[in-house]
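The structure under discussion appears below in the form of structure tokens.
For clarity, every value in this text was computed on a predicted model and none was experimentally measured.
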Amino acid sequence: MNYSIYHFFANLIAIKESFWEQSDLEKLPYDEDMIAYRDKSAFPDICLKVNSSESSLTGGELIELKSAKSYSVASFNSQIPKYQKKLDDLASNVLAGMRDNDKETDSLPIRDVYYLIRGYRETNMAITEPKICLVSGKFFETVAAKDLIQNAFEQVIDERQALKNLEITEDFKKTLVDLFSEQESFSKTRSVENASVSIRFRIMTQAVGAGNILSTSQYPKLGVNTLNLVLPYYSNQERDILQNHMRGVMKDAYEDLEQFELKHPYNGSFWVFQLDISQ
């Protein structure tokens, strides 16, 4: 059996009715044969198996699930969205679960990250007008995570300086910003002597403006009642490769897909495979 984000998208097409019936994306009837590990309490929600067959598709993609009763992307709790993730950066229990279920796990140490995002309306307690995007993390990572944290922390320093009427040198400010540039600095639980509680800082990120792929005004081609696979590409040749991959997976159903280019204002071009799932 082959595994890849294309096969996962084909599985989503096969279970498309579920997007209308189930509000919890974790409970959709995914093809478990292609999944190496699932964990709703840690990143990612779904880990695909590595493709061990002789194919140009590596498989092994990491997928996070996001659903909201609006056309705004649900917040990214604790994990800044990224295009790729190292296996070593995953929680130990997640990595152990992947290794238990997929002997090829360590053959692919860097994994592509995808987000299965659904926005919808709720009418009379029923899901209506869903908009679903299986999108590369590249869409959201317009600024490297380290630079994002550094710039945000620098804003905090500037605000506190102004509020307290303090002056610090640029070198000292740069040192502070460098010290607090890694997400791991915030994600650890800290214990304080004589304190009856521990403390943990949590980073939360929210897609805004061009990052809100569900925005009707920003990306009108991604309409309601559609299921979309959104992939980055940098040339016509790369686009042809994406199409060949999809054609190989979808076979005769390939012609049912609408295709078009989606321009991200900050992050180049993305190719969209879209299926109308109107009931």
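- For residues 217-259, every residue pair satisfying the ring pair (Phe, Tyr, Trp, His ring centres under 6.0 Å) rule, not counting sequence neighbours, is listed here: Tyr6-His245, Phe139-Tyr219, Tyr233-Trp271.
- No hydrogens or angles considered: nothing links the side chains of Asp276 and Asn225 as a donor-acceptor pair under 3.5 Å.
- Looking at Ile132 and Thr226, their side chains never come closer than 4.5 Å, going by heavy atoms from C-beta outward.
- A donor-acceptor pair under 3.5 Å is absent between the side-chain atoms of Ser136 and the main chain of Pro232, judged by distance alone.
- Counted by atom type alone, Gln259 and Gln274 present zero donor-acceptor pairs between their side chains at under 3.5 Å.
- Apart from Val50 itself, the hydrophobic cluster it occupies contains Leu108, where clustering links Ile, Leu, Val, Met, Phe, Trp and Tyr at side-chain heavy-atom distances under 4.5 Å.
- The side-chain heavy atoms of Tyr71 and Val224, taken from C-beta on, include a pair separated by under 4.5 Å.
- Residues satisfying the side-chain contact (heavy atoms from CB on, under 4.5 Å) criterion with Ser72, sequence neighbours excluded, are Ser70, Asn212.
- Every pair tested for salt bridge (Lys or Arg N to Asp or Glu O under 4.0 Å) that includes a residue from residues 234-252 fails, sequence neighbours excluded, so the list is empty.
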Worksheet item: How far apart are the C-alpha atoms of Leu90 and Met98, what are their side-chain angles, what is the distance that settles it, and do they pass the side-chain contact (heavy atoms from CB on, under 4.5 Å) test?
Response: CA-CA 10 Å; Leu90 301 181; Met98 293 169 67; 3.8 Å; yes
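- The cluster map of Ile, Leu, Val, Met, Phe, Trp and Tyr, joined by side-chain heavy atoms under 4.5 Å apart, puts Met246 and Ile241 in different clusters.
- With hydrophobic clusters built from ILVMFWY side chains whose heavy atoms lie under 4.5 angstrom apart, Tyr83 does not share a cluster with Ile46.
- The OG atom of Ser67 sits 3.5 Å away from atom CZ of Arg118, with the distance rounded to the nearest 0.5 Å.
- Using modelled atom types, no side-chain atom of Asn165 and backbone atom of Gln161 make a donor-acceptor pair closer than 3.5 Å.
- We find the CG-NE2 distance between Asn2 and His7 to be 4.5 Å, quoted to the nearest 0.5 Å.
- Sorted by first and then second residue, the salt bridge (Lys or Arg N to Asp or Glu O under 4.0 Å) pairs involving residues 162-174 (not counting sequence neighbours) are Glu154-Lys173, Asp158-Lys173, Glu170-Lys173, Lys174-Asp178.
- Nearest approach of Ser215 to Gln218, heavy atoms of both residues: OG-N, 3.1 Å.
- Using a 4.5 Å heavy-atom cutoff, the side chains of Lys82 and Gln84 are not in contact.
- Side-chain contact, Thr128 with Thr123: a donor N or O sits under 3.5 Å from an acceptor N or O.
- Side-chain rings of Tyr120 and Phe19 stay apart, their centers remaining 6.0 Å or farther from each other.
- Between Tyr266 and Ala210, the shortest heavy-atom contact is CE1-CB, 3.8 Å.
- With contacts defined as side-chain heavy-atom distances shorter than 4.5 Å, the pair Ile149/Ile80 qualifies.
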Discussion item. Show, in sequence, the C-alpha distance, side-chain angles and deciding distance for Leu229 and Val272, and conclude whether the side-chain contact (heavy atoms from CB on, under 4.5 Å) test is met.
Written reply: CA-CA 6 Å; Leu229 176 59; Val272 180; over 6 Å; no
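- A distance-only check finds no donor-acceptor pair linking the side chain of Asn51 to the backbone of Gly59 [under 3.5 Å].
- Using a 4.5 Å cut-off on side-chain heavy atoms (C-beta onward), Leu222 and Leu214 make no contact.
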Item to complete: Dump the intermediate steps for salt bridge (charged side-chain N to carboxylate O under 4.0 Å, His left out) on Glu122 and Lys69, then the final yes or no.
Response: CA-CA 7 Å; Glu122 190 173 74; Lys69 298 178 185 179; 3.6 Å; yes
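- Note on residues 24-36: pairs passing side chain to side chain donor-acceptor pair (under 3.5 Å), not counting sequence neighbours, are Glu32-Arg38.
- Within the 3.5 Å criterion, the main-chain N or O of Asp147 finds a donor-acceptor partner in the side chain of Asn151.
- Interatomic distance, Ser4 OG to Lys49 NZ, rounded to the nearest 0.5 Å: 14.0 Å.
- With sequence neighbours excluded, the residues forming a side-chain contact (heavy atoms from CB on, under 4.5 Å) with Glu64 are Phe43, Pro44, Asp45, Lys66, Tyr115, listed by chain and number.
- Legend: salt bridge (Lys or Arg N to Asp or Glu O under 4.0 Å) pairs involving residues 100-117, not counting sequence neighbours, sorted by first then second residue: Arg99-Asp106.
- Applying the side-chain contact (heavy atoms from CB on, under 4.5 Å) rule to Ala253 yields the partners Met250, Asp256; only residues at least two apart in sequence or on another chain are considered.
- Legend: residues meeting side-chain hydrogen bond (donor to acceptor under 3.5 Å, both in side chains) with Thr58, ordered by chain and number and at least two apart, are absent.
- No chain of hydrophobic side-chain contacts below 4.5 Å, direct or via other Ile, Leu, Val, Met, Phe, Trp or Tyr residues, connects Leu166 to Phe172.
- The structure places OG of Ser41 at 6.5 Å from CG of Asn93, a figure rounded to the nearest 0.5 Å.
- The stretch residues 128-140 participates, sequence neighbours left out, in these salt bridge (Lys or Arg N to Asp or Glu O under 4.0 Å) pairs: Arg121-Glu129.
- Side-chain contact check for Asp39 versus Tyr37: some heavy-atom pair is nearer than 4.5 Å.
- The same ILVMFWY cluster, assembled from side-chain heavy atoms under 4.5 Å apart, contains both Ile15 and Tyr114.
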Discussion item. Assess the residue pair Val197 and Ile199 against the criterion (side-chain contact (heavy atoms from CB on, under 4.5 Å)); give the C-alpha distance rounded to whole Å, side-chain angles, the decisive distance to 0.1 Å, and a yes or no.
Written reply: CA-CA 7 Å; Val197 295; Ile199 188 168; over 6 Å; no
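- Looking at heavy atoms from C-beta onward, Ile213 lies in side-chain contact with Val230 at the 4.5 angstrom threshold.
- Expressed to the nearest 0.5 Å, how far CG of Leu231 lies from CG of Asn228 amounts to 11.0 Å.
- Taking hydrophobic clusters as Ile, Leu, Val, Met, Phe, Trp and Tyr residues chained together by side-chain heavy-atom distances below 4.5 Å, Val135 shares a cluster with Phe260.
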Discussion item. Assess the residue pair Leu87 and Leu95 against the criterion (side-chain contact (heavy atoms from CB on, under 4.5 Å)); give the C-alpha distance rounded to whole Å, side-chain angles, the decisive distance to 0.1 Å, and a yes or no.
Written reply: CA-CA 7 Å; Leu87 286 183; Leu95 188 52; 4.1 Å; yes
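- Rounding to the nearest 0.5 Å places CD of Gln206 at 10.0 Å from CZ of Phe140.
- Looking at Val113 and Pro81, their side chains never come closer than 4.5 Å, going by heavy atoms from C-beta outward.
- Evaluation of the side-chain contact (heavy atoms from CB on, under 4.5 Å) rule for Ser196 yields no partner, not counting sequence neighbours.
- When every heavy atom of Leu116 is checked against every heavy atom of Leu25, the shortest pair comes out as O-CD1, 3.7 Å.
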